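Below, each value reflects all heavy atoms present in this structure, side chains not excepted, and no hydrogens, waters or symmetry copies. Note on naming: letters A, B, ... go to the chains in the order of the sequence lines (proteins, then strands), and numbering restarts at 1 for each one. These numbers were taken from a predicted model, which means no experiment stands behind them.
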Amino acid sequence: MAQGSRQYFAVAILMCAFVSINGVGLNDLLDRASQLSDKLHYLSTSLTNDLDSHFPPIGRGMMPRPSLCHTSSLQIPNDKDQAMKVPEDELLSLARSLLLAWSDPLALLSSEASSLAHPERNTINSKTKELQDNINSLGAGLEHVVHKMGSSSDNLSTLPFNGNNLGQDKTSRLVNFHFLLSCFRRDSHKIDSFLKVLRCRAAKKRPDMC
Amino acid sequence: MQDTMRDAEQVLTLVWLLCGIPHSMCHSPPGRPRLTRCRSPEKETFSCWWETGSSGGLPTRYQLYYRKENSLEVFECPDYHKAGINSCHFEKRHTAIWIIYNITVVASNALGKAYSEPVEVDVMDIVQPHPPESVNVSLMQSQNSQYVLVKWLPPHDVDTRSGWVTIKYEVRSKILNSRDEEDSSWESYSAGKQLEFSIYSPHPGTNYVVDVRCKLDQGLWSDWSPSVFIQIPDNMTVMQNTVVICAVTLTVVIFMLTAGVMTFKKTQVKHFLLPPVPEPKISGLNTQLLKSGRSEEIFSALITPGLYPQISQSTDHQVEYLVVSDCDEEMTVGKAHFEIHKAEICLIDATESSKGNGVVFGEPQKPLHLNCSVTAHDRNTGMSSECKCEHVDITSAGPTGYVEVDREQPDQKDYSVVSDVINDNMLVLQDSIPVQEHKEVKCKKKYVLN
């Protein structure tokens with residue numbers, strides 16, 4: 001009798017644990033992911049402002065065009081109507097592809113930040129590190145979302161980044177740093193927008209999620 | 001572009017030199033316009049505004065041209081009117097996000113053109129909504145406290161239901177002090193996505209002003225909504241007044257009740273407050289009969305069959321009343337025992353100055369007229385004598401019911417006349433009886449009490 005009740009108890013515990021691991025709803029996962037992507041965009045804007053505070057005027061002229069960002073080849077919706085037509089799976093894979101494309105460049109930025117020729121170097125350095133942590137958290141979170149939504153992981157586009165250093169002289173390094181950051185800032189806004197649309201669509205009966 | 005610019009400058013200098021004095025006659029190419037700002041109120045459309053340079057005295061036409069990133073194609077502004085004068089409005093199908101727009105404004109008149117500085121715009125950077133609408137504020141009561149409830153609606157052109165934008169609100173409030181010169185500072189509260197906000201514990205007796213604004217995602221804050229005002233009533237006065245009114249009403253009610261009770265139950269209240277001392281009650285003695293003053297009835301009421309043993313038997317220890325008093329008889333030396341028949345209440349009144357006095361037990365309230373006689377029988381000698389009583393008026397001596405009959409000495413309560421107490425219902429009084437002759441007779445009276 002005691003044996004039977006013990007077994008029953010063990011099963012109940014296991015079920016409970018299972019439910020708790022998978023128990024975090026899709027809505028909550030997407031909400032958390034949206035918060036992280038929002039933070040990501042905020043940090044990148046803040047970093048850009050820090051850089052702009054002491055940017056050499058000549059640097060602006062030297063700035064590469066945004067179309068030269070390594071993620072510009074990715075086909076994304078460019079307005080609301082287009083975005084509303086994109087299915088949820090595709091929105092998720094777009095967000096994940098962009099996120100994946102930035103893990104290497106951000107590592108490069110992080111290593112270069114400490115030796116940047118800029119008076120706000122320390123702040124820039126700490127913020128860049130924070131940016132990296134957030135990206136990793138968001139990546140992990142989106143993995144969970146994929147499992148929840150049941151979409152395949154093979155949909156990701158590869159966006160290779162071919163940079164191992166930012167330049168030879170300190171000005172070009174600064175300029176390239178700024179350029180990379182501006183590319184990332186725009187892409188973080190895209191990720192944020194897609195995830196928020198996804199969040200709202202997944203929570204059909206909860207208008208407070210939109 | 002550079003050549004044109006140089007030519008324009010040369011022409012301008014020439015014209016300016018030529019038109020030195022007669023200014024009103026002067027015409028020149030237009031001054032350079034300047035793009036002041038571009039805004040997207042909902043991340044779906046956007047508008048740009050510019051300021052004009054000098055018109056050069058000639059009718060000047062303004063045009064806006066734009067080029068999108070990665071394309072060399074130049075387009076002209078699709079709508080010059082929707083956003084007002086010196087503006088260009090890009091509606092939905094002309095608005096793309098995450099693409100840089102390169103925008104230039106050209107001013108042209110008969111004498112030439114002027115180009116503005118080009119501006120690069122990405123819609124994601126210029127998102128600023130209109131202020132929240134229909135802001136209203138009201139004072140609410142909850143349990144024992146008050147709070148100010150602020151409610152509003154999102155700006156009408158923002159789509160808050162698709163997730164394309166996430167709106168966020170901020171409320172600020174301030175106390176308006178009409179007395180002080182300087183107002184207090186603003187208190188700001190973040191209100192999230194909700195459409196209402198509560199400000200708890202507002203200061204009573206003050207005027208509050210409340211504003212609301214909003215922003216979309218990480219964009220720019222909107223302007224503050226038009227201020228709304230609310231007056232908080234003076235809480236303490238209201239409460240104090242209520243308390244005072246209640247207390248006064250309660251006091252009046254209690255007072256009226258007490259007065260009513262006192263009026264209607266006067267005797268009961270009086271008895272409650274000042275309980276009467278219990279009076280000795282003689283069973284059979286009816287005070288009403290006494291009041292009526294008819295002695296026969298009184299006596300007959302006193303005699304109730306069965307209450308006492310036979311009348312003929314005069315037992316010493318069953319008499320409940322009475323006292324006998326003086327006799328003016330000459331007695332032989334020796335004790336004279338007076339025995340009193342129950343049927344008789346006897347009083348002797350000495351005509352001379354007498355020390356004697358008699359005491360009648362009873363409850364006479366009115367003067368009592370008695371007719372009685374007393375028989376004295378001496379056991380030793382066998383002599384007997386009789387005293388005749390006279391009419392006596394008895395008046396009540398006090399609330400105790402004791403009647404003291406003493407005409408000569410009304411106030412005397414002479415306990416020294418008690419010479420002996422035989423048992424608990426017998427007292428022996430000693431008295432000296434003056435006699436007409438030279439002899440003094442002492443009568444001992446026996447009071448038999450019940």
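Taken from CG in Asp38(A) to NZ in Lys168(B), the straight-line distance is 6.5 Å, to the nearest 0.5 Å. Annotation: the span from Lys92(B) atom NZ to Lys80(A) atom NZ amounts to 5.0 Å, rounded to 0.5 Å.
The backbone N or O of Ala96(B) sits nowhere less than 3.5 Å from a side-chain atom of Asp79(A) that would complete a donor-acceptor pair. Although no hydrogens or angles enter the test, the distance criterion places a donor-acceptor pair under 3.5 Å between the side chain of Arg186(A) and the main chain of Trp98(B).
Salt bridge present: Asp217(B) and Lys196(A) bring a charged side-chain N and a carboxylate O closer than 4.0 Å. Salt bridge Asp122(B)/Arg185(A): absent, no basic N to carboxylate O contact under 4.0 Å.
The local environment of CG in Leu68(A) is crowded, with over 12 non-hydrogen atoms from other residues, nucleotides or ligands closer than 6.0 Å. Within 6.0 Å of OH on Tyr80(B) lie more than 12 heavy atoms contributed by other residues, nucleotides or ligands. Counting heavy atoms of neighbouring residues, nucleotides and ligands inside a 6.0 Å radius, atom CZ of Arg61(B) does not exceed 12 of them. For Lys113(B), the NZ atom is loosely surrounded, since the number of other residues' heavy atoms within 6.0 Å does not exceed 12. Within 6.0 Å of NZ in Lys151(B) there are 12 or fewer heavy atoms belonging to other residues, nucleotides or ligands.
Using a 4.5 Å cut-off between heavy atoms, Leu195(A) makes no contact with chain B at all. Looking at Glu42(B), neither its backbone nor its side chain comes within 4.5 Å of chain A, counting heavy atoms on both sides.
With sequence neighbours excluded, the residues satisfying side-chain hydrogen bond (donor to acceptor under 3.5 Å, both in side chains) with Ser162(B) are Asp159(B).
For the options Thr160(B), Ile99(B), Thr95(B), heavy-atom pairs under 4.5 Å to chain A are most numerous at Ile99(B). Among the candidates Gln194(B), Met124(B), Glu44(B), the residue making the largest number of heavy-atom pairs closer than 4.5 Å to chain A is Met124(B). When each of Arg201(A), Met209(A), Met84(A) is checked for heavy-atom pairs under 4.5 Å with chain B, Met84(A) comes out on top. Contacts with chain B were tallied for Pro66(A), Ser72(A), Pro77(A); Pro66(A) has the most, counting heavy-atom pairs under 4.5 Å.
A heavy-atom distance below 4.5 Å is found between the side chains of Ile97(B) and His189(A).
Residues Lys43(B) and Ser193(A) bring a donor and an acceptor atom of their side chains to less than 3.5 Å of each other.
Heavy atoms only, all atoms of each residue included: Asp208(A) and Lys193(B) are closest at O-NZ, 3.1 Å.
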Report the C-alpha distance between Cys210(A) and Trp164(B) in whole Å, list the side-chain angles of each, state the deciding distance to 0.1 Å, and finish with yes or no for side chain to side chain contact (heavy atoms under 4.5 Å, CB included). CA-CA 8 Å; Cys210(A) 295; Trp164(B) 181 240; over 6 Å; no
